[in-house]
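Okay, structure first, notes after.
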Amino acid sequence: MTELMNPDELRTALEQAIKGKSANASPFSLAWASGKLSRDHLSRWAENHYHYVGPFADYLAYVYARLPEHYVEAKDFMLQNMYEEEIGGDRHTDLLIRFAEACGTTRERVTDPDNMSPTTRALQSWCYAVAMREDPIVAIAGLVVGLESQVPSIYRKQTPTLRDKYGFTDEEVEFFDLHIVSDEIHGERGYQIVLEHARTVEMQQKCLKICEIGAQMRLLYTTALYNDYVGAEVPLEELGLAA
């Protein structure tokens, strides 16, 4: 029978649940980091990504509403995270749309749900389902640890290429710069909440499983962007991957 883990053991197990499933490993991310995507490809990414991250404050709100009242620090973190997404300075979705417009698409195309792929729709639906149905601590493990904590490592590889290869301005890539900093903080807070409140073997195992699934969902979503929009123009062999 699996034994109860101490915080250090659980932290390592959570990290291992994500390891090897990062969206950095997807062909779309590899093509982006190596400068092989066109601005049209980046436009399609923005049109999809809006529908995944756009409702992020909504996902968090469902979790916030179900957290026990005495989980004060966890509730405060969720509220702060929602505030930063929506009204703490520039709205994050507006920064994403600014980047999208610099790529050549329009606000109307970005906000139109008909422009997201079925896999993006599946990721959005999974996030809503986790937020509404899972134990709040398990939901934080999936949404904040499994998904949000990956963002800084992904954007650190992609953002330099946006400046150096594509010539985007600092203002146009502010969405990425902001999330490298904010999501590193959010991800760490998510870890700390899970480590504090996952106090049974069952809860720890659920948190580990949903982290793994969250990482798989983001990897699947990012890989689908390559299959749907890029694969015909940038073959896997060109990325050093087996076909």
Side-chain angles (χ1 to χ4, degrees), residues 17-34 36-60 62 85 92-93 96-97 99-100 103-134 138-139 141-155 157-158 175-176 179 183 209-239 241-243:
I18 299 171
K19 188 176 181 179
K21 305 173 189 69
S22 168
N24 273 321
S26 76
F28 189 89
S29 295
L30 294 172
W32 184 329
S34 59
K36 296 183 183 297
L37 298 181
S38 68
R39 289 196 176 219
D40 282 345
H41 296 147
L42 294 172
S43 293
R44 302 294 85 75
W45 172 84
E47 291 165 2
N48 279 272
H49 205 64
Y50 175 89
H51 296 285
Y52 157 45
V53 301
F56 215 87
D58 294 345
Y59 312 149
L60 299 178
Y62 285 112
E85 288 284 345
H92 290 190
T93 48
L96 177 58
I97 290 171
F99 172 72
C103 292
T105 188
T106 64
R107 174 181 287 268
E108 290 72 26
R109 278 195 56 87
V110 171
T111 58
D112 185 349
D114 287 341
N115 289 322
M116 65 170 145
S117 77
T119 310
T120 304
R121 196 179 298 276
L123 176 58
Q124 184 196 79
S125 299
W126 182 82
C127 290
Y128 273 121
V130 168
M132 293 179 186
R133 299 175 62 183
E134 297 290 347
V138 175
L143 297 172
V144 182
V145 178
L147 293 177
E148 199 172 13
S149 73
Q150 288 192 55
V151 170
S153 69
I154 296 169
Y155 289 172
K157 292 184 177 182
Q158 295 174 341
F175 174 84
F176 303 93
H179 283 84
D183 286 353
K209 186 61 179 179
I210 206 162
C211 275
E212 180 182 8
I213 294 172
Q216 289 171 334
M217 290 295 294
R218 183 160 191 153
L219 177 57
L220 178 65
Y221 151 73
T222 312
T223 301
L225 296 178
Y226 170 84
N227 293 334
D228 291 343
Y229 306 112
V230 181
E233 299 171 47
V234 184
L236 291 173
E237 294 86 348
E238 196 171 321
L239 302 173
L241 300 172

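Residues satisfying the side-chain contact (heavy atoms from CB on, under 4.5 Å) test with Ala131, not counting sequence neighbours, are Tyr59, Tyr62, Val63, Leu143. The side-chain contact (heavy atoms from CB on, under 4.5 Å) test applied to Lys36 returns Ala31, Ser34, Val234, Glu238, Leu239, not counting sequence neighbours. With sequence neighbours excluded, the residues forming a side-chain contact (heavy atoms from CB on, under 4.5 Å) with Arg107 are Asp94, Ile97, Glu101, Thr111, listed by chain and number.
Panel note: side chain Ser125, backbone Arg121; a donor-acceptor pair is recorded below 3.5 Å. In this structure a side-chain-to-backbone donor-acceptor pair under 3.5 Å is missing from Gln158 to Ala33. Ser22 places no side-chain N or O within 3.5 Å of a backbone atom of Ala25 that could act as its donor or acceptor partner. Gln150 places a side-chain N or O within donor-acceptor distance of the main-chain N or O of Ala23, the cut-off being under 3.5 Å.
Between atom OG of residue Ser117 and atom CG of residue Asn227 there is a gap of 10.0 Å, rounded to the nearest 0.5 Å. Atom SG of Cys127 sits about 14.0 Å away from atom NE2 of His51, to the nearest 0.5 Å. Summarising the geometry, atom OG belonging to Ser26 is positioned 10.5 Å from atom CG belonging to Leu220; distances are rounded to the nearest 0.5 Å. Interatomic distance, Leu123 CG to Leu219 CG, rounded to the nearest 0.5 Å: 11.5 Å. Note that OG1 of Thr120 is 12.5 Å distant from CZ of Arg44, once rounded to the nearest 0.5 Å. In this structure, OG1 in Thr93 is found 11.5 Å from NE2 in His49, a value given to the nearest 0.5 Å.
Here the shortest heavy-atom pairing between Pro55 and Gln124 reads CG-NE2, 3.8 Å. Among all heavy-atom pairs drawn from Thr105 and Ser43, the shortest one is N-OG, 3.7 Å. Annotation for Thr119 and Ala224: closest pair OG1-CB, 3.4 Å, computed over non-hydrogen atoms. The two residues Arg109 and Asn115 come nearest to each other via the heavy atoms O-ND2, 2.9 Å. When all heavy atoms are compared, the tightest approach of Gly146 to Ile18 is CA-CD1, 4.1 Å. The minimum heavy-atom distance linking Thr223 with Pro27 is given by the pair OG1-CD, 4.0 Å.
Under the 4.5 Å side-chain criterion, counting only non-hydrogen atoms from C-beta, Leu225 is not in contact with Val230. Side-chain contact between Pro152 and His179 is absent, with no heavy-atom pair separated by less than 4.5 Å. Inter-residue side-chain proximity for Arg133 and Tyr128 is flagged as unmet; no heavy-atom pair is nearer than 4.5 Å. Here the side chains of Arg218 and Val151 are in contact, with some heavy-atom distance below 4.5 Å.
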Could you give me the CA-CA distance, side-chain angles and deciding distance for Leu96 and Val110, then say whether side-chain contact (heavy atoms from CB on, under 4.5 Å) is met? CA-CA 9 Å; Leu96 177 58; Val110 171; 5.5 Å; no
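A ring pair (Phe, Tyr, Trp, His ring centres under 6.0 Å) with Trp45 is found for one member of Tyr50, Trp32, Tyr226, Tyr52 and no other, namely Trp32.
In the model, Asn48 has a side-chain atom that pairs as donor or acceptor with a side-chain atom of Tyr229 under 3.5 Å. Glu233 and His41 are linked by a side-chain donor-acceptor pair at a separation below 3.5 angstrom, with hydrogens and angles left out of the test.
Proximity of the aromatic rings of Phe175 and Phe99 is defined here by a centroid distance below 6.0 angstrom, and this criterion is not met.
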